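We use all heavy atoms of the structure for the numbers below, so side chains are in, but hydrogens, waters and symmetry mates are not. Everything numeric in this text was worked out from a predicted model, so none of it was measured. Counting from 1, the numbers follow the sequence of the chain as shown.
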Amino acid sequence: MSKEKYYITTAIAYTSKKPHIGNTYEIILTDAIARFNRFIGKDVFFLTGTDEHGQKIQEIAEAEGITPKQHVDKIASQIKDIADMLNISYDKFIRTTDDYHEKSVQQIFKKLYDQGDIYKSEYEGWYCTPCESFWTETQLVDGKCPDCGREVEKAKEEAYFFKMSKYQDKLMEYINTHPEFIQPESRKNEMVNNFLKPGLQDLCVSRTSFTWGIPVEFDPGHVIYVWIDALSNYITALGYTPEEKGELYNKYWPADVHIIGKDILRFHTIYWPIMLMALGEPLPKQVFGHPWMLVGEEKMSKSRGNVIYAEDLVRHFGVDAVRYYSLHEMPFAQDGTITYEVFISRFNSNLANTLGNLVNRTVAMINKYFEGIIQSGSVSGEFDDDLKAVATGAIDAIIKKMNTLHVADSLDEIWRVVDRANKYIDETAPWVLAKNDSDKPRLGTVLYNLVETIRIIAALLSPFMPETAQKIAAQINTSQLSFESTKTFGEIKEGGKVGEAQVLFQRIDAEKKLAELAEELEECEEKIEIAPYKDYIEFEEFEKLDIRVGKVIECEKVPKSSKLLRFTLRVGSETRQILSGISKYHTPEELIGKNVLFVANLKPRTMMGLESCGMILSAEFEDKLTVLTTLNDIQSGAEIV
């Protein structure tokens, strides 16, 4: 009898920079779901990988002085290393620079073009480089990208477009007849009300303003834009091409679930299904948009200085503690949070005290009272039946939770068994039974019931905390961690010998650990890489610079320029016009009224037909520019000395 197939994917990670724990949460979540479905007997294929093309990648590589391929090779390697460190059981790791993927994407693009779903035109609108998205004027929010809130730039170029509107009604009908397609429910309402009902615009699917992408085979000046390239990975990884679908594709497609961040839901629930409809292929059964992991109340951001990386957490707390926190502390539909304080609290209470202490003292008591030999479970007593019912009944509750991807709730079901076992120790008081020889048979049964319950706990934990499950199994000397064995009580045989009691999770001194982490953070801040210093100059050379204060009385974007702002500065009793290429980093409104520093004796030059008489000074860090201003509102024209 063949196994039920189960195909699960993460969104492929964008290779702009090393991912933090908020990014990494997704692959831990997906791994737990994949492992659980293997555990209950399904034939699972788990795909993850990296998204490696686009303008942002090209710009980062140029800033680093390396090729885009060198950059993505470095970041993809880091992403894969993080996955391996976290014990992620992926079956395939795809890179969108893989030859087979690029060839298949070109064929997909050509097929859609040949059948009239893609056409050539020209695009003029606002472009957000970080999101790789075009927007119309009305879609902007306060003049910025509606998705990420960053600056956008005016763009006009020849491009190919995909006829989204052609498939809008068909997609709406599919969503209405497949209520499980978009989860959680709130995400579905958002997609329908905010995007489908107002009407879909045709989607830009090629670019000519950069070169780091998959070339359009029949029009080499164009590269295939991110959506067809990146989204197609879910089928190209299975060997799909329009001409030959491949054995893996025929076996596993459609995907059972795409696990993605809620911020890219639109691309996976609107663009991707429409592409598949145009190709004549089945749609994935479900798209699950998970919430974000925040630091306190904020998103993780390097500029905010609140980024936490998975490898640092693993170094301080261990792999399975990171897996546990990531899986247990993230709600189904609301954003979760991580701080070192909360992490340590959960580590001590749930892992060290509740789970670790249960295993440790049970194994220690068997060694102390019976020289490590497991006794028979034949002398029944009060509380036994309830313990057995809770232990063997857990798997059904967990299956129900996991079928709807309520992973945190599934861990709660396991901890109900752990809590019940700890309560059973208090109820039966083994240390009291050990005082009388006549109670030794009952003591043997109590400890048997505990070690058998711990075996079931280890089996239930194996998809979520695989290393911990194996460590527990080693301590109680069992290999019975199968799915079927969680339904029955009595798998461990009388006469077996437990191992030595080992501490699973060493309780952490919170104050000491937080001080250690704070010191480490300070050291990291001290090691921040800065641009190399320029060669020394003589003081006389510095004196040649005339740096002044100017008050911004007017500021506006220069027409037909994506970078330039035109400043009118008041300098004493005169005004001066300066052009500065900082449009990506500042809006004109936020600069008006500010005192800025500028080089006053720079030779005038003409840009975009306008004369620029000076240079606004800005500080540059992490590819961002910040205009230098004065602390106090001093007289314009003042000299910087």
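For the atom pair CZ (Phe267) and OG1 (Thr269), the distance works out to 9.5 Å, reported to the nearest 0.5 Å. Interatomic distance, Ile40 CD1 to Glu4 CD, rounded to the nearest 0.5 Å: 7.5 Å. Note: Leu86 CG to Asp84 CG = 9.0 Å, rounded to the nearest 0.5 Å. Once rounded to the nearest 0.5 Å, the distance linking CD1 of Ile338 with OH of Tyr25 reads 12.0 Å. Of the inter-residue distances, the one linking Ile12 atom CD1 with Ile260 atom CD1 reads 12.5 Å to the nearest 0.5 angstrom.
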Taking it one step at a time, do Trp253 and Phe45 satisfy ring pair (Phe, Tyr, Trp, His ring centres under 6.0 Å)? CA-CA 10 Å; Trp253 191 260; Phe45 193 89; over 10 Å; no
Phe347 vs Phe505, test: ring pair (Phe, Tyr, Trp, His ring centres under 6.0 Å). Steps then yes/no. CA-CA 8 Å; Phe347 184 100; Phe505 298 97; 5.7 Å; yes
Full working for salt bridge (charged side-chain N to carboxylate O under 4.0 Å, His left out) between Lys285 and Glu180: CA-CA 8 Å; Lys285 297 174 186 176; Glu180 75 292 342; over 6 Å; no
Set out, in order, the CA-CA distance, both residues' side-chain angles and the distance that settles side chain to side chain donor-acceptor pair (under 3.5 Å) for Glu52 and Thr97, then state yes or no. CA-CA 6 Å; Glu52 303 185 9; Thr97 52; 2.7 Å; yes
Check the pair Tyr252, Asp43 against side chain to side chain donor-acceptor pair (under 3.5 Å), reporting the backbone distance first and the verdict last. CA-CA 9 Å; Tyr252 289 108; Asp43 178 359; 2.8 Å; yes
Full working for ring pair (Phe, Tyr, Trp, His ring centres under 6.0 Å) between Tyr309 and His20: CA-CA 4 Å; Tyr309 292 104; His20 52 60; 7.1 Å; no
So Thr486 and Phe39, side-chain contact (heavy atoms from CB on, under 4.5 Å) or not? Walk me through it. CA-CA 11 Å; Thr486 63; Phe39 178 66; 4.0 Å; yes
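Here the rule is side chain to side chain contact (heavy atoms under 4.5 Å, CB included) with His268, and of Ile270, Ile264, Leu265 only Ile264 fits it. Partner of Asp409 under the side chain to side chain contact (heavy atoms under 4.5 Å, CB included) criterion, chosen from His328, Lys401, Lys400: Lys401.
A donor-acceptor pair under 3.5 Å is formed between the side chain of Asp256 and the backbone N or O of Tyr7. In this structure, Asn193 contributes its side chain and Asn189 its backbone to a donor-acceptor pair below 3.5 Å. Not a single donor-acceptor pair under 3.5 Å links the side chain of Asn436 to the backbone N or O of Ser438. At least one donor-acceptor pair closer than 3.5 Å links the side chain of Thr15 to the backbone N or O of Asp51. Not a single donor-acceptor pair under 3.5 Å links the side chain of Lys512 to the backbone N or O of Ala510. Although no hydrogens or angles enter the test, the distance criterion places no donor-acceptor pair under 3.5 Å between the side chain of Asn37 and the main chain of Val44. For the pair Gln286 (side chain) and Ile182 (backbone), a donor-acceptor distance under 3.5 Å is absent. In terms of modelled atom types and a separation under 3.5 Å, the side chain of Asn477 and the main chain of Lys497 share a donor-acceptor contact.
A salt bridge between Arg315 and Asp312 is present, with a side-chain N of the basic residue lying under 4.0 Å from a carboxylate O of the acidic one. A salt bridge links Arg455 with Glu452: the closest approach of a Lys/Arg side-chain nitrogen to an acidic carboxylate oxygen falls below 4.0 angstrom.
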Residues 462-473 side chain polar contacts: donor-acceptor under 3.5 Å, at least two apart:
{"residue": "Ser462", "atom": "OG", "partner": "Ala459", "partner atom": "O", "Å": "2.6"}
{"residue": "Thr468", "atom": "OG1", "partner": "Asp320", "partner atom": "OD2", "Å": "2.7"}

Could you list the donor-acceptor pairs under 3.5 angstrom formed by side chains in residues 72-80, with sequence neighbours left out?
{"residue": "Asp73", "atom": "OD1", "partner": "Lys69", "partner atom": "NZ", "Å": "2.8"}
{"residue": "Asp73", "atom": "OD1", "partner": "Arg95", "partner atom": "NH1", "Å": "3.3"}
{"residue": "Asp73", "atom": "OD1", "partner": "Arg95", "partner atom": "NH2", "Å": "2.5"}
{"residue": "Asp73", "atom": "OD2", "partner": "Lys69", "partner atom": "NZ", "Å": "3.2"}
{"residue": "Lys80", "atom": "NZ", "partner": "Tyr90", "partner atom": "OH", "Å": "3.2"}

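For the pair Lys513 and Phe343, the cation does not sit on the ring face, since its NZ or CZ is not both under 6.0 Å from the ring centre and inside 45° of the axis. A cation-pi arrangement is not found for Lys92 relative to Phe46, the charged atom failing to lie both closer than 6.0 Å to the ring centre and inside a 45° cone about the ring normal.
His258 and Trp272 form a side-chain donor-acceptor contact under 3.5 Å, judged by distance and modelled atom types alone. Looking at Glu329 and Ser326, their side chains never bring a donor and an acceptor atom within 3.5 Å of each other. For Thr453 and Arg420, the side-chain atoms include no donor-acceptor pair closer than 3.5 Å. One side chain, Asp384 or Tyr424, offers a donor N or O that lies under 3.5 Å from an acceptor on the other.
If you look at Trp415 and Tyr324, their ring centroids are closer than 6.0 Å.
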